[in-house]
Peer 1: 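The structure follows.
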Amino acid sequence: MTIIQAEQIMLQEPTHARLAHDDNYAFGSAFINGVYCGVHEAAIPIVDMGFMHADAAYDVVSVSKGQFFRLEDHLNRFESSCAKFRLNNPYSQQQTAEILTNLVKLAGTREAYVWWCVTRGIMSGGDRSDADAFENCFYAFVIPYMYIASDEQRTRGLDVMISKNYIRIPPNSVDPTAKNLHWMDMKLALFEARDNQKEWSVLLDSEGYLAEAPGANIFVVKGSAIYTPDSGCLEGITRRTTLDLARELDIPVHVQRVHKDELIHADEAFMTSTAGGIMPINSVNDTLLGGAVGPGAITTKLHNLYWQKRWQGWLGTCVDFDTPVVIAE
Ligand SMILES: Cc1ncc(COP(=O)(O)O)c(C=O)c1O
């Protein structure tokens, strides 16, 4: 079995192609302070504390073949992230879904990367210890789907390293289950990987157990079973999907602490993310997983089933591109 060339299908198949859209939305669409605009002209105030202090919660959902994937699960996770950070989304879940849908329709993107956030809002000189003293702000944008691992990379598997210089921010510093903008540990670990001729990093916790990778969850395959950390990471929607798919395939799943040595000695491993689906790993710290080049059989099966089921409409919400967006003045 070979890895489905999902990126190529998204770019070339007529049922995935981008639909007609206003030139203004050529690069994508955005929603800023209640107004729809082209993504290239979207701007937020420099004194927004989301920008100044990463004081925000965000989420990302994808659209493929004209369907949101697990939209409700993303909206629920977003609501929970906001609650953990004492932020209030000024829009209800239904209104949020409507805004995101309008953005996808305006951009005509049947393959879309959909990003939104709520920030604490403008620094006002008020009591900064009072979480409720600020008017929280909602921003969103949609751009054509971004693949953080190309067809070529997923076909041969990624060469990764376990970061030596950085650990993941501990859960009792910033709760990783609330999707947040504290990315510097992950960014520096990515730069470290490049410095070491690797493509990705995996970050550990302070005790040498796997946490997550930059923008992705990590999985280890040992024998016929898969393992993924139970803590120290975002509860990724693609991670949940992978666990669902594994159960459907009768693959035993273990959600528990996973030591770094189990990754180095794994038969197979992969990462999961909305922006990449299931991304096979070829080697860890120069050790070829399973002693062979390329993605393993279990990883390949999960990778392909993920896209096949999505394109059949599994857990999808169709975007009605035929009904024009009506924007209230
Ligand atoms: C830190 C982190 N972990 C994991 C993930 C994967 O989560 P999901 O599958 O919901 O995209 C992301 C996604 O951006 C992330 O930022």
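For ligands, and for the atoms within them, numbers begin at 1 and follow the listed sequence.
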Peer 1: Tabulating one pair per line, provide the atom names and distances (0.1 Å) for every N/O atom of ligand 1 that is less than 3.5 Å from a protein N/O atom.
Peer 2:
| from | atom 1 | to | atom 2 | distance (Å) |
| --- | --- | --- | --- | --- |
| ligand 1 | 3 (N) | Glu212 | OE1 | 2.6 |
| ligand 1 | 9 (O) | Ile237 | N | 3.3 |
| ligand 1 | 9 (O) | Thr238 | N | 2.9 |
| ligand 1 | 9 (O) | Thr238 | OG1 | 2.6 |
| ligand 1 | 10 (O) | Arg77 | NH1 | 2.8 |
| ligand 1 | 10 (O) | Arg77 | NH2 | 3.0 |
| ligand 1 | 10 (O) | Ile237 | N | 2.8 |
| ligand 1 | 11 (O) | Thr274 | N | 2.9 |
| ligand 1 | 11 (O) | Thr274 | OG1 | 2.6 |
| ligand 1 | 14 (O) | Lys179 | NZ | 2.6 |
| ligand 1 | 16 (O) | Lys179 | NZ | 3.3 |

Peer 1: Write out all pairs satisfying side chain to side chain donor-acceptor pair (under 3.5 Å) with one or both partners inside residues 282-295, taking only residues at least two apart or from two chains.
Peer 2: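 Side chain to side chain donor-acceptor pair (under 3.5 Å) check on residues 282-295 returns Asp159-Asn282, Asp159-Ser283, Lys198-Asp286.
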Peer 1: Please output the side-chain donor-acceptor pairs of residues 29-43 that fall under 3.5 Å, not counting sequence neighbours, one pair per line with the distance.
Peer 2:
| from | atom 1 | to | atom 2 | distance (Å) |
| --- | --- | --- | --- | --- |
| Ser29 | OG | Leu103 | O | 2.7 |
| Tyr36 | OH | Asn102 | ND2 | 3.0 |
| Glu41 | OE2 | Gly38 | N | 3.1 |

Peer 1: Side chains of Ser62 and Arg310: any donor to acceptor distance under 3.5 Å?
Peer 2: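 Their side chains do contain a donor-acceptor pair, which is all the 3.5 Å distance test asks for.
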Peer 1: Just checking, is any N or O donor in the side chain of Ser129 or Asp127 under 3.5 Å from an acceptor N or O on the other one?
Peer 2: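 On atom types as modelled, these side chains qualify, holding a pair under 3.5 Å.
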Peer 1: After noting the C-alpha distance and the side-chain angles of Asn89 and Thr96, does the key distance pass the side chain to side chain donor-acceptor pair (under 3.5 Å) rule?
Peer 2: CA-CA 9 Å; Asn89 184 352; Thr96 303; 3.1 Å; yes
Peer 1: Considering only Ile, Leu, Val, Met, Phe, Trp and Tyr, and joining two whenever side-chain heavy atoms are under 4.5 Å apart, list the other residues clustered with Ile218.
Peer 2: Ile148, Leu158, Val160, Ile162, Trp200, Val202, Leu204, Leu210, Val220, Tyr227, Val258, Leu263, Ile264, Met271, Met279, Ile281, Val284, Leu289
